[in-house]
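Computed from heavy atoms alone, side chains included, the values below leave out hydrogens, waters and symmetry copies.
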Amino acid sequence: QVQLVESGGGLVQAGGSLRLSCAASGRTFTAYIVGWFRQAPGKEREFVAAVSRGGGRKDYAESVKGRFAISRDNGKNTVDLQMNSLKPEDTAVYYCAASGNYGQLESSIDYDYWGQGTQVTVSS
């Protein structure tokens, strides 16, 4: 199995930027698709972005396209989420997740391993 630890959350003003990082340890990192999800208070967990095993394919939720960018470094076992032009509605706990499945994975049930989450708060 794989262990995931997120970092980089915090408080930022609307229009600002944050960079989240997900560090993986355990089994072969390249065996997994890695995704970011978020969950705001009172809402369901939702897909944000995902990157394929080799990093060549990246998928984004419509709400973050053009503002967020996901990247992975298989040499360092990390996946980053660069978040720009942040909005108050981006406020949530952000989770990193890993999946051994294949395809375009945008549902939380497709993911096998989860980090503990990191809080992102965007003030207006």
Side-chain angles (χ1 to χ4, degrees):
Q1 71 185 45
V2 63
Q3 293 79 41
L4 304 170
V5 178
E6 303 96 335
S7 61
L11 173 64
V12 64
Q13 289 188 333
S17 299
L18 280 176
R19 189 175 183 89
L20 305 183
S21 186
C22 174
S25 61
R27 294 187 62 183
T28 306
F29 184 58
T30 53
Y32 299 95
I33 289 172
V34 177
W36 285 94
F37 287 76
R38 66 187 182 187
Q39 188 166 18
K43 295 187 177 181
E44 293 188 354
R45 190 168 298 189
E46 66 173 1
F47 170 77
V48 176
V51 61
S52 62
R53 289 167 173 81
R57 175 174 176 164
K58 301 172 183 180
D59 297 307
Y60 297 94
E62 285 295 327
S63 59
V64 306
K65 277 184 181 177
R67 299 189 298 122
F68 291 12
I70 190 170
S71 61
R72 72 187 289 166
D73 185 334
N74 287 334
K76 295 181 179 179
N77 285 7
T78 58
V79 173
D80 290 349
L81 184 68
Q82 177 66 42
M83 306 186 295
N84 300 324
S85 302
L86 283 161
K87 305 174 181 180
E89 52 263 44
D90 294 318
T91 295
V93 177
Y94 283 70
Y95 298 90
C96 173
S99 173
N101 295 318
Y102 291 83
Q104 187 170 346
L105 306 179
E106 299 186 0
S107 174
S108 60
I109 63 173
D110 292 322
Y111 287 78
D112 308 300
Y113 304 104
W114 293 83
Q116 83 288 349
T118 185
Q119 176 71 47
V120 171
T121 303
V122 184
S123 63
S124 57

_Nearest 0.5 angstrom please: Glu44 CD to Arg38 CZ, how far?_
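Answer rounded to 0.5 Å: 14.0 Å.
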
*For the atom pair OG (Ser25) and CD (Gln3), what is the distance rounded to the nearest 0.5 Å?*
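That separation rounds to 4.5 Å.
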
Would you call [X] and [Y] a side-chain contact if the rule is heavy atoms closer than 4.5 Å?
X	Y	result
Val120	Asp90	no
Arg67	Lys87	yes
Thr118	Leu20	yes
Tyr95	Leu4	no
Arg53	Tyr102	yes
Glu106	Asp59	yes
Gln104	Ser52	no

_With no hydrogens and no angle check, just 3.5 Å: does a side-chain donor-acceptor pair link Asp110 and Ser99?_
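Asp110 vs Ser99: no donor-acceptor pair found between side chains.
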
_Just by distance, no angles: are the side chains of Asn84 and Ser17 close enough, under 3.5 Å, to form a donor-acceptor pair?_
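Looking only at side-chain atoms, Ser17 and Asn84 do form a donor-acceptor pair, the distance falling under 3.5 Å.
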
_Partners meeting side-chain hydrogen bond (donor to acceptor under 3.5 Å, both in side chains) with Asn77 (sequence neighbours left out)_ =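 Listed in chain order: nothing, the list is empty.
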
_I'd like to check the side-chain contact (heavy atoms from CB on, under 4.5 Å) partners of Ser123; sequence neighbours left out, ordered by chain and number._
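Testing Ser123 for side-chain contact (heavy atoms from CB on, under 4.5 Å), a comparison that skips the adjacent residues, returns Leu11, Gln13.
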
*Taking side-chain contact (heavy atoms from CB on, under 4.5 Å) as the test, write out the residues that go with Gln119, two or more places apart.*
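With sequence neighbours excluded, Gln119 shows a side-chain contact (heavy atoms from CB on, under 4.5 Å) to Thr91, Val93, Thr121, given in chain and number order.
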
Nearest atoms (heavy-atom pairs only) where [X] meets [Y]:
X	Y	result
Ala49	Leu81	CB-CD1, 4.2 Å
Gln39	Lys43	NE2-O, 3.1 Å
Cys96	Glu6	N-OE2, 2.8 Å
Ala23	Thr78	CA-CG2, 4.3 Å
Ile33	Arg72	CA-NH1, 4.3 Å
Pro88	Ala14	CD-CB, 4.1 Å

*Result of checking Phe37, Tyr32, Trp36 against Tyr111 for ring pair (Phe, Tyr, Trp, His ring centres under 6.0 Å)*: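 Among the candidates, only Phe37 passes.
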
*Is it possible for you to say whether Met83 and Tyr60 belong to one hydrophobic cluster, with membership spreading through side-chain heavy-atom contacts below 4.5 Å?*
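As far as the 4.5 Å side-chain criterion goes, Tyr60 and Met83 are connected within one cluster.
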
*Are Leu18 and Val48 co-members of a hydrophobic cluster defined by side-chain heavy atoms under 4.5 Å apart?*
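Yes, one cluster joins them.
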
*Could you please spell out the steps behind the side chain to side chain contact (heavy atoms under 4.5 Å, CB included) verdict for Ile70 and Asp80?*
CA-CA 6 Å; Ile70 190 170; Asp80 290 349; over 6 Å; no

*Verify side chain to side chain contact (heavy atoms under 4.5 Å, CB included) between Phe47 and Leu105, making sure each step is shown before the conclusion.*
CA-CA 9 Å; Phe47 170 77; Leu105 306 179; over 6 Å; no

*Which word best sums up how the rings of Phe68 and Tyr94 line up, parallel for under 30°, tilted for 30 to 60°, or perpendicular for over 60°?*
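Taking Tyr94 first and then Phe68, their aromatic rings sit tilted (interplane angle of 30° to 60°).
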
